[in-house]
Number of protein chains: 2
Amino acid sequence: VRIALDAMGTDNAPSAEVAGAIGALQELESDIEIVLVGDSAVIESAIADHPAAPAGRLLVHHASERVTAADAPASVIRRKPDSSIAVGLRLVRSGEADAFISAGSTGAVMATSLFTLRPLPGVARPAIGTVLPTAANPCLMLDAGANVDCKPHQLVQFAHLGHIYAQDLMGVERPRVGLLNIGEEPEKGDELTLETHRLLSQAHGLNFVGNVEGRDIIRGMCDVLVCDGFVGSVLLKFYESVAHFIIGFMRRELRQVEEDLDLERIFRVLDYEEYGGAPLLGVGGVTIICHGESSPFAIRNAVAVAARAVRSNMVRHIAREISIADPPEEAS
Amino acid sequence: VRIALDAMGTDNAPSAEVAGAIGALQELESDIEIVLVGDSAVIESAIADHPAAPAGRLLVHHASERVTAADAPASVIRRKPDSSIAVGLRLVRSGEADAFISAGSTGAVMATSLFTLRPLPGVARPAIGTVLPTAANPCLMLDAGANVDCKPHQLVQFAHLGHIYAQDLMGVERPRVGLLNIGEEPEKGDELTLETHRLLSQAHGLNFVGNVEGRDIIRGMCDVLVCDGFVGSVLLKFYESVAHFIIGFMRRELRQVEEDLDLERIFRVLDYEEYGGAPLLGVGGVTIICHGESSPFAIRNAVAVAARAVRSNMVRHIAREISIADPPEEAS
């Protein structure tokens, strides 16, 4: 399994990427190779800081340009054709790599993935999935920010995409699919969720468990949670900030007894970094999107997720399933 | 100040209401009177459990019917005309009470308030405001669940309603109004927030601070946060559940050192019950909506909020301001 890793994406690029890649190579399966994509001089210098870097399995592929937050996602492919994002995704398209990971601009990774890998046939809109920690099982929420103003049939397709991801990568045989809504009853919701509920109730091959309220997410009521990307993005960012706020608050409160407590363990439970990056589901290749604030540990886990997606043939699985799932009611 | 309090609303009705009312009478200003509305025999019996109940200022008004979760909000006025909700709101309409508080079905309180008190002239859709605790100042989020599929001009009106509430009840002279969105830049968002941002930027009399992302809510970036009721409802329920989950988790972790910690203080910071119920803004009277799970403490604080709304002439203030604010672009 060879994974192209954008080395220029995090706020601490490339050192977080290099450290994460080395961690992944040391701890994950030995057939994994990582291609760091970006400014090769800078990357080589960062690698030199790690004397124990596994030789042979850590490669560097030069890309002369770097996407920044100032670059508009829609025009970045045209304006920076040699960006680490574009080069890394072309490695996947040409078969030189099996998966792509980036902590750069989500919009740019999304747009360049669509352009380079194309949506799978039948997929109206690829979606970003994010695994949320809950009190029980982890829950894949999608869309977590790729698409706004979604139509009902697109949400149904997100359900199918999430179903396959949960099967292939989370090891859930018959994933419970929930629809994020403002009430449990089928007649609750806005125009989008009312119609989506009706379509999901009739969808073949899905274990649809009905509406899931905001308060039920943390209880782990479902394995896959479907929502519009606006709601998903707001909720995800809110969750991260609330968890950090509460933990920070308690850390201050608890300073005097800190030695007695395994605060790191508490962090781990709430830390979505455990689950690696967020997959872009529905394009013709494996793309994993990470936070700009990703730590080396988060990068390492993104490599694990990417490798699992490659091994399970997730993309082929999605391509096959989407073609036999309910056809969309309207083209998009 | 005389406040009608639905005694049949909470899961522990009427004992939570009675205990909360007595707490309010004992601790708040001495000119407050409370009229408990509901089954008078049951209420009198609950009052008898409190030998120290302040005589004279705690009144009972009989209502023969009780709204349950099974009652459809839209038809509850017709089907249960003598419900504690309908009777309490009629007390406000007739001037026998200055404000109404209920922990019953939100939909029923909303629908009956609209029917009985009418929307204020010029108000397209009344909104429910909820005060969220943040790391800094409290933040009024609206709409928190009354309306879905909102139009841009309705969100602008929510901004005006929230502006007045923050002035009159939260003591903020020039409230910072934010628009909940998926990015800070004006060009980020879905159809609704893009157009709402444009309108808010031009609105008179508002201190619009721009888009607020999910992660910025907890940082206290604004005093008033405007959003569609679908997003507001999901976010609010999620927040409550996450806070409870994290605190419960840490409480278990900390069992052995619990005596040393002021966990109650931590609860207080995160407890939106501190802020009392959620006002229904835009109708012709003061209506406060509480949770079905409200404790006596939450009921007591809802009384404090209601009394403050009455004293500040909030409804008259809203009626005046709405008539001079930007007229809606379309009738609704």
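In what follows, chains carry the letters A, B, and so on, assigned in the order in which the sequence lines appear, proteins first and then strands, with residues in each chain numbered from 1. Fair warning: this is a prediction, and the values are worked out from it, not measured in the lab.
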Fill in: Greatest number of heavy atom pairs closer than 4.5 Å to chain A - which of B:D149, B:V148, B:I182, B:V234
B:D149
Item to complete: State the CD-CG distance between B:E213 and A:L236, to the nearest 0.5 angstrom.
Response: 11.0 Å
Discussion item. At a 4.5 Å cut-off on heavy atoms, which part of B:N181 comes close to chain A: side chain, backbone, both, or neither?
Written reply: both
Item to complete: Return the option, out of B:D216, B:L235, B:D228, B:V231, with the maximum number of heavy-atom pairs under 4.5 Å with chain A.
Response: B:L235
Item to complete: Report the relative orientation of the aromatic rings in A:Y239 and B:F238; use parallel for angles under 30°, tilted for 30 to 60°, perpendicular for over 60°.
Response: perpendicular
Worksheet item: Under the salt bridge (charged side-chain N to carboxylate O under 4.0 Å, His left out) test, which residues partner B:R66, sequence neighbours left out?
Response: none
Worksheet item: So which heavy atom on B:G214 is nearest to which on A:S241, and how close?
Response: O-OG, 3.8 Å
Worksheet entry | For A:R176, all residues meeting salt bridge (charged side-chain N to carboxylate O under 4.0 Å, His left out), sequence neighbours excluded | A:D223
Worksheet entry | By salt bridge (charged side-chain N to carboxylate O under 4.0 Å, His left out) - contacts of B:R79 (at least two apart) | none
Worksheet entry | Side chain, backbone, both or neither of B:I217 within contact of chain A (heavy atoms, under 4.5 Å) | side chain
Worksheet item: How many angstroms lie between CG in B:L180 and CZ in A:F230, if you round to the nearest 0.5 Å?
Response: 5.5 Å
Item to complete: Tabulate, in ascending numerical order, the residues of residues 185-194 of chain A having at least one heavy atom closer than 4.5 Å to a heavy atom of chain B, or enter 'none'.
Response: A:G189, A:D190, A:E191, A:T193
